[in-house]
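Just dropping this structure here.
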Number of protein chains: 2
Amino acid sequence: MAVTIKDVAKQAGVSPATVSRVIADNPRISSKTKVKVREVMEGLGYYPNFQARNLVAKKSQTLGVVMENSATLAFQNPFFPEVLRGISTRAHGSQYGLYLSTGATQEEIYSEVVEMAQGRRVDGIILLYSKIGDPVMEYLSKSGLPFSVVGRPFKDPCSISYVDNDNINNTKETVEYLIGLGHRHIAFVGGAVDFVVSLDRLEGYKQTLAQHGIPFDEAYTANQELMGGNEREAIRRLMALEVPPTAIVTHDDMVAYEVIGYLEDLKIQVPEDVSIIGFNNHAISRHLKPPLSTVDISIYDLGLHAAELVLEKITDESVPPKQVIVSSRLIERGSCRRL
Amino acid sequence: MAVTIKDVAKQAGVSPATVSRVIADNPRISSKTKVKVREVMEGLGYYPNFQARNLVAKKSQTLGVVMENSATLAFQNPFFPEVLRGISTRAHGSQYGLYLSTGATQEEIYSEVVEMAQGRRVDGIILLYSKIGDPVMEYLSKSGLPFSVVGRPFKDPCSISYVDNDNINNTKETVEYLIGLGHRHIAFVGGAVDFVVSLDRLEGYKQTLAQHGIPFDEAYTANQELMGGNEREAIRRLMALEVPPTAIVTHDDMVAYEVIGYLEDLKIQVPEDVSIIGFNNHAISRHLKPPLSTVDISIYDLGLHAAELVLEKITDESVPPKQVIVSSRLIERGSCRRL
DNA sequence: CTGAAAGCGCTTACAG
DNA sequence: CTGAAAGCGCTTACAG
């Protein structure tokens with residue numbers, strides 16, 4: 001059915017080996033032969049069969065991209081397309097394709113990754129998240145398969161190639177900014193607690209409070225687990241504290257807007273009554289009301305570097321693990337006010 | 001290096017063919033042998049090599065997903081993750097993997113699709129968009145490779161399997177709704193004009209106006225080309241018309257909010273001065289201000305059915321092309337008011 | 001500069 | 001119920 005290397009060889013009057021060498025643009029083949037063979041390939045509409053080629057080359061020219069496939073609001077945001085755009089760009093530049101994990105649960109993801117790796121479906125893997133005690137990362141570390149992570153690994157980060165923002169410091173900067181505006185009662189709404197990024201942000205938050213002699217109070221914090229699907233109630237509780245916060249740091253712009261919505265239902269205005277700041281700088285955030293102050297984390301660059309890191313490992317197994325910190329930048333807009 | 005079928009065969013004291021049959025759970029193999037072989041596989045950590053397996057089976061157990069890889073606002077939205085979640089779910093259920101196109105330009109996408117198809121990298125393709133005169137779709141139609149489209153093909157739709165909303169009618173319903181609220185001067189902000197969905201929506205808009213004896217006026221419409229990157233100016237012009245619109249239909253929630261932002265800069269309030277309605281019902285839209293009236297287009301289901309359609313074709317080449325219309329639903333919220 | 005041969009890791013008629 | 005052999009479509013030492 002499909003045109004094979006043999007068909008081309010026959011028609012061009014050469015051996016299959018020669019055709020193969022023409023495809024690889026082997027310099028030992030005469031240009032006369034090359035021209036002839038290429039003509040025949042064109043004429044016959046020949047395309048090399050990946051499976052065959054990869055089988056003998058023991059590679060797949062493919063990167064596995066592993067993500068959580070969740071329907072929650074934090075995933076309903078532009079992080080994914082944007083990081084993928086970064087990965088795509090870099091991968092495409094090196095003729096690599098992208099294979100996506102499709103698992104919905106932890107277990108599905110795990111077994112898919114094992115299959116990808118052992119079945120030689122991919123040459124390397126990019127893990128789009130970093131969480132505590134993640135069996136996927138454990139497996140990857142042991143497997144010897146090149147991989148990189150978007151997000152600092154919880155365990156033994158120096159032995160793993162990853163790209164991340166400096167989440168402790170960018171959160172510090174954020175909280176500093178609010179303190180600079182005169183806020184003292186600052187709440188923190190974080191993501192799922194098993195994500196390292198959530199830990200880091202919380203850590204940055206705590207450190208800044210400590211530096212300014214503001215006591216840390218758990219009651220001023222919330223996270224995905226605490227809210228347990230009832231964000232509205234969590235916000236209500238927060239604002240019902242004896243001394244309610246005058247500012248709230250949220251881990252994602254979309255979540256920030258969700259919070260703003262709940263606040264408005266409570267007749268609390270942003271920024272008049274409460275200041276809010278987000279993370280991730282979604283393209284839409286500057287158009288919304290209020291225009292959200294946020295932290296741009298260079299999502300595209302995260303993707304670009306993550307791809308770069310695996311690709312490096314694939315090309316040269318012996319390169320030591322590398323850590324890339326991508327810059328982030330506080331963007332002041334209208335959602336915070338000076339007290 | 002990696003454990004092969006031969007290693008297993010040797011250790012289990014059987015032939016490679018037998019091991020292969022155990023993997024396939026061939027009923028002609030004694031359960032005693034199966035147990036033994038499986039033990040050895042487990043012990044050795046054997047996983048079948050996809051490349052080899054697919055080479056002989058002449059399949060790849062992979063679906064290609066082709067999308068535009070753009071940085072524009074309309075792509076910076078949850079459509080992509082959500083449709084992918086639908087595709088993933090269905091694909092995973094049939095043990096299919098997902099291969100993503102990574103091209104940024106039309107040309108890159110085209111040559112990638114040709115490679116995917118001819119190189120047998122994928123068994124079928126899902127095209128995540130439908131545009132006029134798209135060479136990718138032309139190629140796919142001729143190639144014989146199973147494929148499905150999210151969006152009605154412009155040419156010869158009956159010969160192609162696709163899934164879509166009824167975009168003419170859901171736009172009609174939308175415009176009817178606004179007319180029902182007393183609006184007569186209704187503007188339409190559409191997407192790129194070469195997308196069939198844009199055509200359909202515009203058509204629905206025109207038809208409804210005609211049915212109500214409202215003359216169609218080009219000046220009340222805008223689209224990505226007309227706005228040419230300067231959406232702000234386009235909105236300014238729209239509102240500077242002698243009789244400015246009292247309502248605006250936009251093709252996407254994110255775009256609706258962008259428009260609302262520009263209107264506010266012009267001191268025009270939504271919905272007090274102008275009503276606005278969006279499309280796609282992003283998860284965040286109900287939390288934003290104003291809560292956006294919009295059309296839910298069941299993105300997840302679009303993905304699910306798109307996957308179902310290719311998978312059907314792959315399983316049985318002879319099934320006739322099928323068209324699936326996924327329901328959409330107008331959601332009333334606070335962004336439209338009665339005149 | 002080119003070809004014959006072996007082999008990548010699997011599957012599947014064909015025999016028994 | 002199981003094995004030997006051929007073959008999927010390619011690449012790559014080895015020879016010449």
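Letters go in sequence order (proteins before strands), and every chain restarts at 1.
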Quiz prompt | Cationic N near anionic O, under 4.0 Å, B:Lys36 to B:Glu39 | solution = no
Exercise. Check the distance between C:dC10's P and A:Asn54's CG and give it to me in whole angstrom.
Key: 15 Å
Practice problem: Could you pick out which residue, A:Val19 or B:Gly13, lies toward the 5' side of DNA chain D when each is mapped onto its nearest nucleotide? | Solution: B:Gly13
Quiz prompt | Stepwise salt bridge (Lys or Arg N to Asp or Glu O under 4.0 Å) check, B:Asp25 with B:Arg38 | solution = CA-CA 10 Å; B:Asp25 204 16; B:Arg38 284 191 183 124; 3.1 Å; yes
Self-check item: B:Tyr99 versus B:Ser60, side-chain donor and acceptor atoms under 3.5 Å
Solution: no
Practice problem: Strictly below 4.0 Å, heavy-atom distances to any atom of DNA chain D: list the hits from residues 20-34 of chain B, or just say none. | Solution: B:Arg21, B:Arg28, B:Ile29, B:Ser30, B:Thr33
Quiz item: Listed by chain and number, what are the salt bridge (charged side-chain N to carboxylate O under 4.0 Å, His left out) partners of A:Asp194, not counting sequence neighbours?
Solution: A:Lys131
Exercise. Without swapping roles, check the side chain of B:Ser148 against the backbone of B:Ala306 for a donor-acceptor pair under 3.5 Å.
Key: yes
Exercise. Rounded to the nearest angstrom, tell me the gap between atom CZ in B:Arg121 and atom P in D:dC10.
Key: 14 Å
Exercise. Could you check how far NZ of B:Lys59 sits from C1' of C:dC10, rounded to whole Å?
Key: 12 Å
Exercise. Ignoring hydrogens and angles, state whether a donor on the side chain of A:Arg121 or B:Thr62 is under 3.5 Å from an acceptor on the partner side chain.
Key: yes
Please tabulate, for side-chain N and O atoms in residues 150-157 of chain A, each donor-acceptor pair with protein atoms closer than 3.5 Å (sequence neighbours left out).
| from | atom 1 | to | atom 2 | distance (Å) |
| --- | --- | --- | --- | --- |
| A:Arg152 | NE | A:Asp200 | OD2 | 3.4 |
| A:Arg152 | NH2 | A:Asp200 | OD1 | 2.3 |
| A:Arg152 | NH2 | A:Asp200 | OD2 | 2.9 |
| A:Lys155 | NZ | A:Glu138 | OE2 | 2.9 |
| A:Asp156 | OD2 | A:Ser159 | OG | 3.3 |

Quiz prompt | Minimum-distance pair of heavy atoms, taken over all atoms of A:Pro16 and A:Ile5 | solution = O-CD1, 3.9 Å
Using a cut-off of under 3.5 Å, enumerate the N/O to N/O pairs linking the protein to nucleotides 5-8 of chain D.
| from | atom 1 | to | atom 2 | distance (Å) |
| --- | --- | --- | --- | --- |
| D:dC8 | O3' | B:Lys58 | NZ | 2.8 |

Quiz item: If you look at every strand shown and take non-hydrogen atoms under 4.0 Å, does B:Phe50 touch a base, only sugar-phosphate, or nothing?
Solution: nothing
Exercise. Could you tell me whether the side chain of A:Lys313 and the main chain of A:Leu145 form a donor-acceptor pair under 3.5 Å?
Key: no
Quiz item: Do B:Ser94 side-chain atoms and B:Tyr96 backbone N/O form a donor-acceptor pair below 3.5 Å?
Solution: no
Quiz item: Can you find a side chain N or O atom of B:Thr18 that sits less than 4.0 Å from OP1 or OP2 on D:dT2?
Solution: no
Quiz item: So what's the dot-bracket for DNA chain D: Watson-Crick or G-U pairs under 3.5 Å, [ ] if a pair crosses, | if it pairs off-strand?
Solution: |||.||||||||.|||
Exercise. Using salt bridge (charged side-chain N to carboxylate O under 4.0 Å, His left out) as the criterion, list what pairs up with B:Arg90, not counting sequence neighbours.
Key: B:Glu308
Quiz item: Can you tell me how far P of C:dC10 sits from CD of A:Glu115, to the nearest Å?
Solution: 14 Å
Self-check item: OP1 or OP2 of C:dC10 under 4.0 Å from side-chain N/O of B:Tyr47
Solution: no
Practice problem: Could you check how far CZ of B:Arg53 sits from C1' of C:dG9, rounded to whole Å? | Solution: 11 Å
